[in-house]
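See structure below.
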Amino acid sequence: MNFKQEAQCFSNTLKSKIVREFRVPESVSEANYKGELVVLFEVDREGNFVLTYIDATYPELKEEIKRIFETLPVIAPATYNSRPINMQFRMPVRIPLDFSGDALSEPGIEIVDTSREQPNAAPQEAPEVFKEYDQIKSLAFEHPRATSQINIPLSHELYSRFEDEVNRVGTNFHSASKPFLFAEVQPYYNFEEEIEALQKPAETWIGRKLWNEHLFTFQVDDYWFSVDFALDMQVGKDIDSRLDVTYNNTRAAIFQGGLGKNFNFYSVVYENQGRFADYFNEYAESIRPGSEGAAIIPGRGIAKSFMGQAYDYPVAEGYLSFSPGKFFNLQFGHGKNFIGDGYRSLLLSDVASPYPFFKLNTSFWKIKYTNTWMSLRDVRPEVTGEDSYRTKFMANHYLSYNVTKRLNLGFFESVMWENDNNRGFDLNYLNPVIFYRAIEFSTGAQAGNAVIGLTGKYKWSDQVLTYGQWLIDEFSSTDVFGGEGSWKNKHGFQIGTKYFNAFNIQDLYLQLEYNQVRPYTYSHNTITLNYGHTNQSMAHLWGANFREIIGIARYKKGRYYGHVKAIFGERGFDYFENGDYYGGNIYRSEEDRPLETGVRIGQGNNTDSFYAETEFGYIVNPATNLKFFGSFIYRNFDPEVNTSLNSDATTYWFNVGLRTDIFNWYFDL
């Protein structure tokens with residue numbers, strides 16, 4: 001019997017049994033009721049029929065359906081790639097039923113198949129007598145998120161799994177504007193197959209939820225949602241620290257789903273307590289807010305003191321995602337964005353705390369155009385008043401163009417302006433196609449801080465590509481191209497390469513990247529107009545006045561994964577907090593500079609740094625990306641002069657933990 005015949009046999013046999021055995025309750029018959037009840041059920045991996053939902057006007061109708069389903073036998077479950085899977089079904093039953101006719105010709109039951117098309121679970125053509133109705137429909141596409149308008153979480157390890165697929169020569173995919181939508185990547189990388197391939201045998205409900213599935217899912221024809229409990233439970237030791245242990249204790253609730261095919265929502269709420277290695281704690285406290293809080297945990301948010309030596313830092317992220325047509329996606333939410341193909345971005349990165357944003361993505365032909373408007377905060381004591389933070393806004397747009405099947409070029413513009421003199425959100429910047437620099441001049445030279453940038457990517461083969469960025473913060477051709485050594489020569493660049501399936505070893509990923517940013521880049525003489533948010537950079541983690549080289553190796557096999565990362569850097573710091581400004585701290589005013597010319601990278605308190613990190617782990621649940629891992633961080637920080645701001649330090653930090661990996665942690669300060 002072929003697959004189509006098997007599906008028809010299942011449909012006809014189940015309908016026949018229900019029509020034969022269904023007994024209309026007396027109360028329903030006396031009321032001369034005419035209507036419909038809807039039954040949602042599944043056949044699980046063990047072949048059991050499981051009722052999940054019944055919608056009926058009369059409770060007696062629900063009980064009658066339950067009675068019939070209790071008599072159903074265990075059957076052979078559906079399979080996908082030779083693995084048993086759950087199949088969910090929707091079955092409307094119309095009342096009254098005419099029991100005088102043949103069971104298989106009775107049109108009182110409509111059983112509808114909406115399964116994703118699989119080799120042995122394909123939608124079937126209805127028998128001739130059912131042509132006016134749909135046939136049995138399975139609701140068992142088990143991973144609706146995989147084709148949704150939901151963002152793929154910004155996790156370097158997660159993105160490395162499919163980067164080779166979306167970057168093959170000839171693909172018209174735009175890889176710099178992140179996060180990606182699941183629906184964007186699905187044509188190149190099948191998330192459903194990946195999750196199914198990693199399924200573990202699980203006999204119990206607890207086993208399935210732990211190893212393979214979301215905690216709770218609900219799905220009907222027009223909408224679905226899932227609920228998950230996320231964790232980041234780490235314990236470690238900074239060898240030379242005065243603290244006994246380091247730890248992070250995160251519990252989170254994730255709620256996501258969709259209404260129809262084009263509208264999705266996502267929300268995650270974190271409750272966190274933790275303390276970290278000494279260098280990380282010291283940095284977190286050095287950027288503490290002015291009005292309240294003991295620290296700002298980099299990349300997360302404002303923290304208060306917890307038990308004297310730790311921090312409590314709640315975080316919330318979420319967004320609505322809507323695609324009104326083939327070419328557009330709109331998002332409104334609270335989270336992060338990233339522009340670039342590298343580990344770092346000099347344009348817009350995910351190293352700062354989450355922020356409110358509205359984003360418009362337009363994709364057509366060989367073009368993807370991303371417009372993002374953001375509301376940011378300056379939380380320093382010198383700019384806050386009456387315990388309220390200073391509001392500023394950022395608007396940027398990024399145009400990505402696939403010139404050929406190998407070459408991509410991108411153009412970036414951004415402007416920062418503040419909420420001063422009741423200016424509020426300047427409507428000049430709402431136009432998604434404006435030239436921001438021209439608008440800046442039209443609203444006043446000091447009204448905003450604009451930067452521009454270029455990106456590029458060239459695919460040498462399906463395995464190797466080269467990428468880069470160039471950022472300009474001063475749009476003065478004399479200083480940029482002819483003013484070597486001028487403080488106005490404010491720019492940075494990135495060059496990198498990626499090697500997928502390196503040396504023909506499947507899933508071995510290698511990356512080499514160089515970044516440098518000249519002093520005073522991202523800063524401004526109106527200090528609130530710096531390129532930052534909550535005392536963190538919106539671009540590179542280190543601010544400005546640095547150069548670095550990064551090497552990364554990643555490998556994954558089945559549920560096991562690992563990576564090794566090394567970063568060599570040269571940086572220039574200030575000697576005193578209120579002394580001469582040498583261009584590294586983007587939150588200081590350019591007016592405090594000691595030099596007009598002769599400005600170079602590493603000036604000031606020259607510091608060499610080396611950071612190495614290795615992590616190995618096991619993916620506990622591929623549906624939620626829950627991982628068990630162990631890691632080791634080595635950091636050597638060697639300034640030319642020890643100061644109250646920076647001093648010589650070496651760190652050996654071990655960690656082990658259980659983490660739901662849905663955002664990037666950056667410990668390479």
Side-chain angles (χ1 to χ4, degrees), residues 269-276 280-306 310-317 333-337 348-357 372-396 414-426 448-449 522-544 573-574 577-578 581 584-590 592 644-645 663 665-666 669:
V269 179
Y270 302 87
E271 179 61 31
N272 317 274
Q273 294 82 38
R275 64 185 184 195
F276 310 93
F280 198 83
N281 294 335
E282 291 168 1
Y283 179 77
E285 293 178 8
S286 73
I287 60 172
R288 73 180 67 182
S291 60
E292 60 183 13
I296 292 178
I297 306 303
R300 307 309 294 147
I302 296 174
K304 62 182 180 181
S305 180
F306 178 74
Y311 312 104
D312 187 307
Y313 57 105
V315 181
E317 297 183 68
H334 188 265
K336 302 182 183 183
N337 296 277
L348 180 66
S349 186
D350 61 339
V351 300
S353 302
Y355 46 82
F357 70 89
T372 313
W373 295 268
M374 293 155 278
S375 176
L376 308 178
R377 298 292 184 270
D378 197 322
V379 302
R380 293 169 295 155
E382 56 266 38
V383 300
T384 56
E386 299 180 357
D387 294 331
S388 63
Y389 300 135
R390 190 79 163 262
T391 300
K392 57 183 180 180
F393 302 99
M394 178 189 285
N396 65 44
S414 179
V415 67
M416 184 85 68
W417 76 98
E418 65 175 324
N419 184 15
D420 62 340
N421 299 322
N422 297 317
R423 184 183 181 193
F425 191 95
D426 193 330
N449 181 19
Y522 306 120
S523 62
H524 199 268
N525 52 19
T526 303
I527 60 175
T528 52
L529 295 183
N530 54 71
Y531 205 71
H533 167 59
T534 58
N535 292 348
Q536 302 155 83
S537 171
M538 288 294 288
H540 196 288
L541 184 68
W542 292 358
F573 294 96
D574 300 334
E577 186 174 359
N578 296 316
Y581 172 39
N585 180 359
I586 67 171
Y587 279 87
R588 293 197 60 183
S589 171
E590 301 165 345
D592 295 333
S644 59
L645 300 175
F663 65 88
W665 271 101
Y666 293 96
L669 299 171

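Keep in mind that this is a model prediction, so the values were computed, not measured.
Side-chain atoms of Arg380 come within 3.5 Å of backbone N or O of Tyr587 as a donor-acceptor pair. Between the side chain of Asn272 and the backbone N or O of Tyr313, at least one donor-acceptor pair lies under 3.5 Å. Side-chain atoms of His524 do not come within 3.5 Å of backbone N or O of Glu590 as any donor-acceptor pair. Proximity of a side-chain donor or acceptor of His334 to a complementary backbone N or O of Glu317 within less than 3.5 Å is not detected. In this structure a side-chain-to-backbone donor-acceptor pair under 3.5 Å is missing from Asp312 to Phe306. For Thr526 (side chain) and Thr528 (main-chain N/O), no donor-acceptor pair under 3.5 Å exists by modelled atom type. The closest donor-acceptor contact from the side chain of Lys336 to the backbone of Gly299 lies under 3.5 Å. The main-chain N or O of Glu285 is found under 3.5 Å from a side-chain atom of Arg288 such that the two form a donor-acceptor pair.
Side-chain contact check for Met394 versus Val415: every heavy-atom pair is 4.5 Å or farther apart. When side chains are defined from C-beta on, Leu529 counts as touching Glu418, because their heavy atoms get closer than 4.5 Å. You'll find the side chain of Pro298 reaches within 4.5 Å of the side chain of Tyr283, heavy atoms only. Looking at heavy atoms from C-beta onward, Leu541 lies out of side-chain contact with Ser349 at the 4.5 angstrom threshold. With a 4.5 Å cut-off on side-chain heavy atoms, Asn449 and Asn530 do not count as touching. Using a 4.5 Å cut-off on side-chain heavy atoms (C-beta onward), Val351 and Met538 make no contact. Between Tyr531 and Ser523 the shortest side-chain heavy-atom distance does not fall below 4.5 Å. The shortest distance between side-chain heavy atoms of Arg300 and Ser353 does not fall below 4.5 Å.
In plain terms, the two heavy atoms of Ala352 and Ser537 that are nearest each other are CB-O, 3.6 Å. What you find for Gly543 and Ile586 is that their closest heavy atoms are CA-CG2, 3.8 Å.
Between Phe276 and Tyr311, the angle of the ring planes stays under 30°, which puts this pair in the parallel group of the 30/60° scheme.
Counting only residues at least two apart or in different chains, salt bridge (charged side-chain N to carboxylate O under 4.0 Å, His left out) contacts with residues 526-536 are absent.
In this structure, the separation between CG on Asp378 and NZ on Lys392 is 5.0 Å, given to the nearest 0.5 Å. Note that the OG atom of Ser589 and the OH atom of Tyr581 stand 8.5 Å from one another [nearest 0.5 Å]. Between the CG atom in Asn337 and the CG atom in Leu348 there is a gap of 6.0 Å [rounded to 0.5 Å]. Expressed to the nearest 0.5 Å, how far NE2 of His533 lies from CE of Met416 amounts to 10.0 Å.
Side-chain contact check for Tyr666 and Asp350: at least one donor-acceptor pair (N or O, by modelled atom type) lies under 3.5 Å.
Around CD of Glu577, the count of heavy atoms belonging to other residues, nucleotides or ligands within 6.0 Å does not exceed 12.
Annotation: Tyr270 is in aromatic contact with Phe663 [ring centroid separation under 6.0 Å].
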Does the pair Val379 and Ile296 meet the rule for a side-chain contact (heavy atoms from CB on, under 4.5 Å), with working shown?
CA-CA 10 Å; Val379 302; Ile296 292 178; 3.9 Å; yes

Does the side-chain contact (heavy atoms from CB on, under 4.5 Å) test come out yes or no for Leu645 and Phe573, once each step is laid out?
CA-CA 9 Å; Leu645 300 175; Phe573 294 96; over 6 Å; no

For the pair Asn396 and Met374, evaluate side-chain contact (heavy atoms from CB on, under 4.5 Å) and give the outcome as yes or no after the intermediate values.
CA-CA 9 Å; Asn396 65 44; Met374 293 155 278; 3.2 Å; yes

With side-chain contact (heavy atoms from CB on, under 4.5 Å) as the criterion, how do Tyr389 and Leu376 come out once you've worked through the C-alpha distance, each side chain's angles and the decisive distance to 0.1 Å?
CA-CA 10 Å; Tyr389 300 135; Leu376 308 178; over 6 Å; no

